[in-house]
Asks: 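My questions all concern the structure below.
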There are 2 protein chains.
Amino acid sequence: MAVRATIYEVARRSGVSTATVSRVMRNGTGFSDATRVRVLDAARELGWVPSGSARGLANRRAGIVGLLFPDFSGTGDAEQESPLYVDQVIRGAERAATSAGDAVLIAATRGSSGRELALSLAGKVDGLVVMARSLTQADVASIARSLPVVVVANRAGRGVDVDSVGVDNRGGVRAVVEHLVGEHGYEDMVFVSGPARSPDSMERFAGFRDALRAAGLPERKSPDASGAFTEAGGARGVQALLAGRRPPQAIICGNDEMAIGALGVLNAAKLKVPGDVAVTGFDDIAATRHIRPQLTTVRQPMRDLGEQAVRALLARVDDPDRERHDIVLATQLVVRRSCGCRPRASSVPNTQGRTAA
Amino acid sequence: MAVRATIYEVARRSGVSTATVSRVMRNGTGFSDATRVRVLDAARELGWVPSGSARGLANRRAGIVGLLFPDFSGTGDAEQESPLYVDQVIRGAERAATSAGDAVLIAATRGSSGRELALSLAGKVDGLVVMARSLTQADVASIARSLPVVVVANRAGRGVDVDSVGVDNRGGVRAVVEHLVGEHGYEDMVFVSGPARSPDSMERFAGFRDALRAAGLPERKSPDASGAFTEAGGARGVQALLAGRRPPQAIICGNDEMAIGALGVLNAAKLKVPGDVAVTGFDDIAATRHIRPQLTTVRQPMRDLGEQAVRALLARVDDPDRERHDIVLATQLVVRRSCGCRPRASSVPNTQGRTAA
DNA sequence: TTGTAGGCGTTATCAT
DNA sequence: ATGATAACGCCTACAA
């Protein structure tokens, strides 16, 4: 382990040329059984592993994809946005990459250092998956000039022409609201949004508006409260909401964390859920099943997001000229107690996954 | 983006040699202000990013560390071991690597493919962090022959001489039991263990035995039940336990997931927690605060594990001859409701972090 | 089946 | 302050 062995030493030790060693390692053909054994033995004895850098240089392909995600922990507030979402996407990306024989490099942008970080990654990878809110649109456009990029949960803006993978946020919220209206007859509903600049959050609110309109209920142009996608934020938002009006029949939250925060506030205010007020979330994190009442929410396939993103990326690395893909994954309504339904939970898919070119 | 630019084109475009371009990019000195601007401009115009492979080859350092972790999702049972733990370690590793200017490559070993995967990573990284249960001891020893390795939550066995980072599992469980005995006067306690071959699980049980002995209570040589570190497993384990004897005063679970499973079974059996039976966990995952009663548990610094592991790894990469380090991080008792304490939760540190050479 | 040799894109060592 | 020019370790025609 002192100093890493090279192909030359393996070649010498096994009495063949480096070309033959290379052939054997690449599982190619063109060598006798005996040589293969000799080479492999020599490699093992020397503890040799082919240098990825040298391979990458020779192949013009590192066999590595990068994943850039935002990390808000420690951003002023002590409260943290749930990391669950990002972690699941990372897992999915890892799975897809590994199964394709590649590896995935991860890096979190904290605050404004995004651009720099992306550049430092760029040289080490064959392509980059960029999660929403980790890079500005301008930076994405800039980076995309140097290497293949796929954006996640953030349909690329007008200027930027890159592949994207996202979920049907809009349809998801529409489905909850339809359930609330159709099954429970609620008419007085409010929406608690996440960070103002989150594409996910904006789409979810759009779904809320769509559903209100479709139901013939009075529309509104902005969310009734907002909570930064955190439990504490959701609590504050709902608190403020309750201070200004009598309780609504239902509170539709932009994600589960905020819904959990809402539950706490309602409980403290002696309001029964779902008796007095119904509450719903979005994401379907594990806590939705542990909390009481169990949370009705919209499940989004976080893992699939990562998988599809990496697949799309690798496809483009292999074929830079293929047409642009914008993948939208289906979400699923998960009915539990907090909306007012009885225990026997059931779930129904509400949208089809679809791919648009 | 068609084909990546190289240092040659940047050199030509800016009218200098490649050596000078290289100097500018490395933030070194030895060039005029004017040339720097010219080079940077050319680079930007061409969308050039230095090739990591070429750099790695020239420097004998990829600037990448690898992280190997086990992934049990989809191992026969539909139930999943909580991914939280691994995710936190990954986050910590990312943070430490990024702040050191490196990147981290992650890969999950599924089933028995570990060795192969490790080898494929080995060439791409400067060193490897290996989490418990992702590789056999033999494989760790083998890999460690080719490059620096740090094991996490798995003090290297006798044969293997590598750095390690872990938490004080033993002291953690000892602290809960001492609390249960000292504050609540329980004497009839049982332990629910995790996977038989998990080093963490074994150490936790050892802490349980230590505490019983120290309290002068009857010892035992094996766990009273086991649950594979999953919620469903914990439920089954406790179910079986209750079928064979009258309820104990307290059930100490090897991790939080199993404790949550236990809570479910006890509830179904009409046993009140903590009135009839006390329950404790280990890890302090988010769900411990959402579940009722809130779970008394032992917090372990999962993120720090990842950070310290990467730090140790980088230190060894820089100095292969430094002495071996075995780092043990402190755990912390977190008292909530499930042990029988009153709401006003408090927490006390129970062990000192310590480093042994 | 096997060997020879040039090239992949940077960095680092000497010169100048 | 800048420029040639060897490495760095592997792959891949092209030969033999």
Asks: Answer yes or no: does a side-chain N or O of B:T35 lie under 4.0 Å from OP1 or OP2 of D:dT2?
Replies: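 Checking B:T35 against D:dT2: at least one side-chain N or O falls below 4.0 Å of OP1 or OP2.
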
Asks: For the pair made of CZ in A:R38 and C1' in C:dT2, what is the distance, rounded to whole Å?
Replies: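 A:R38 atom CZ is separated from C:dT2 atom C1' by 11 Å.
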
Asks: Given C:dT11, D:dG3, C:dG3, identify the nucleotide with an atom nearest to the side chain of B:V16.
Replies: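 Taking heavy atoms from C-beta onward, the closest nucleotide is D:dG3.
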
Asks: Nearest 0.5 Å, please: how far is CD in A:E116 from CG in A:L121?
Replies: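 If I round to the nearest 0.5 Å, the distance is 12.0 Å.
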
Asks: Can you check whether B:S17 has a side-chain N or O nearer than 4.0 Å to OP1 or OP2 of D:dG3?
Replies: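 For D:dG3, OP1 or OP2 has a side-chain N or O of B:S17 closer than 4.0 Å.
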
Asks: Report the distance from atom CZ of A:R60 to atom P of D:dC10, rounded to the nearest whole Å.
Replies: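 For the pair A:R60 CZ and D:dC10 P, the rounded distance is 18 Å.
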
Asks: Are the charged groups of B:R36 and B:D33 less than 4.0 angstrom apart, N to O?
Replies: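 Answer for the salt bridge query: yes.
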
Asks: To the nearest Å, how far apart are A:R12 CZ and D:dC10 P?
Replies: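 Those two atoms, CZ and P, are 13 Å apart.
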
Asks: Tell me: CE of A:M25 to C1' of D:dC10, nearest whole Å?
Replies: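 These atoms are roughly 12 Å apart.
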
Asks: Is the phosphate of C:dT10, meaning OP1 or OP2, less than 4.0 Å from a side-chain N or O of B:S22?
Replies: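 Result: no.
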
Asks: Respond yes when some side-chain nitrogen or oxygen of B:S51 is under 4.0 Å from OP1 or OP2 of C:dC8, and no when none is.
Replies: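 Answer no for this pair, as no side-chain N or O of B:S51 is under 4.0 Å from OP1 or OP2.
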
Asks: Check whether A:D126 reaches the backbone of A:G63 with its side chain - one donor and one acceptor, N or O, closer than 3.5 Å.
Replies: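 Flag set: sc A:D126 to bb A:G63 pair under 3.5 Å.
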
Asks: Output yes when at least one side-chain N/O atom of B:S32 is less than 4.0 Å from OP1 or OP2 of D:dT2, else no.
Replies: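 Yes, within the criterion.
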
Asks: When the distance from CD1 of B:I7 to P of D:dT5 is rounded to whole Å, what number comes out?
Replies: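 That distance rounds to 16 Å.
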
Asks: Per the atom types in the model, does the base of D:dC8 pair as donor or acceptor with the side chain of A:Y8 at under 3.5 Å?
Replies: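 Flag unset: no donor-acceptor pair detected.
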
Asks: Between C:dG3 atom C1' and A:R23 atom CZ, what is the distance in whole Å?
Replies: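 For the pair A:R23 CZ and C:dG3 C1', the rounded distance is 8 Å.
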
Asks: Give a yes/no on whether any side-chain N or O of B:R55 is located under 4.0 angstrom from OP1 or OP2 of C:dT11.
Replies: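 Checking C:dT11 against B:R55, a side-chain N or O does come within under 4.0 Å of OP1 or OP2.
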
Asks: Examine the side chains of B:S51 and B:R4 and answer whether a donor and an acceptor come within less than 3.5 Å of each other.
Replies: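 On atom types as modelled, these side chains do not qualify, holding no pair under 3.5 Å.
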
Asks: Once you apply a heavy-atom cut-off of 4.0 Å, does B:V21 come out as touching a base, just sugar-phosphate, or nothing?
Replies: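 Here B:V21 touches no strand at all.
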
Asks: Measure CZ/B:F31 against P/D:dA1 and give the value in whole Å, please.
Replies: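 So the CZ-P distance, B:F31 to D:dA1, works out to 9 Å.
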
Asks: OP1 or OP2 of C:dG3 versus the side-chain N and O atoms of A:T20: is any pair under 4.0 Å?
Replies: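 A:T20 to C:dG3 OP1/OP2: side-chain N or O found under 4.0 Å.
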
Asks: Can you tell me whether the side chain of B:R4 and the base of C:dG9 have a donor-acceptor pair closer than 3.5 Å?
Replies: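 Side chain to base: no pair present.
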
Asks: When you check the phosphate oxygens OP1 and OP2 of C:dC8, does a side-chain N or O of A:R61 lie under 4.0 Å from one of them?
Replies: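 Looking at the OP1 and OP2 atoms of C:dC8, neither is under 4.0 Å from any side-chain N or O of A:R61.
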
Asks: Is any side-chain heavy atom of A:F69 less than 4.5 Å from a side-chain heavy atom of B:R91?
Replies: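 In short, these two side chains touch, coming nearer than 4.5 Å.
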
Asks: Whole Å only: how far is the CG atom of B:L57 from the P atom of D:dA7?
Replies: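 My rounded result for the distance is 13 Å.
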
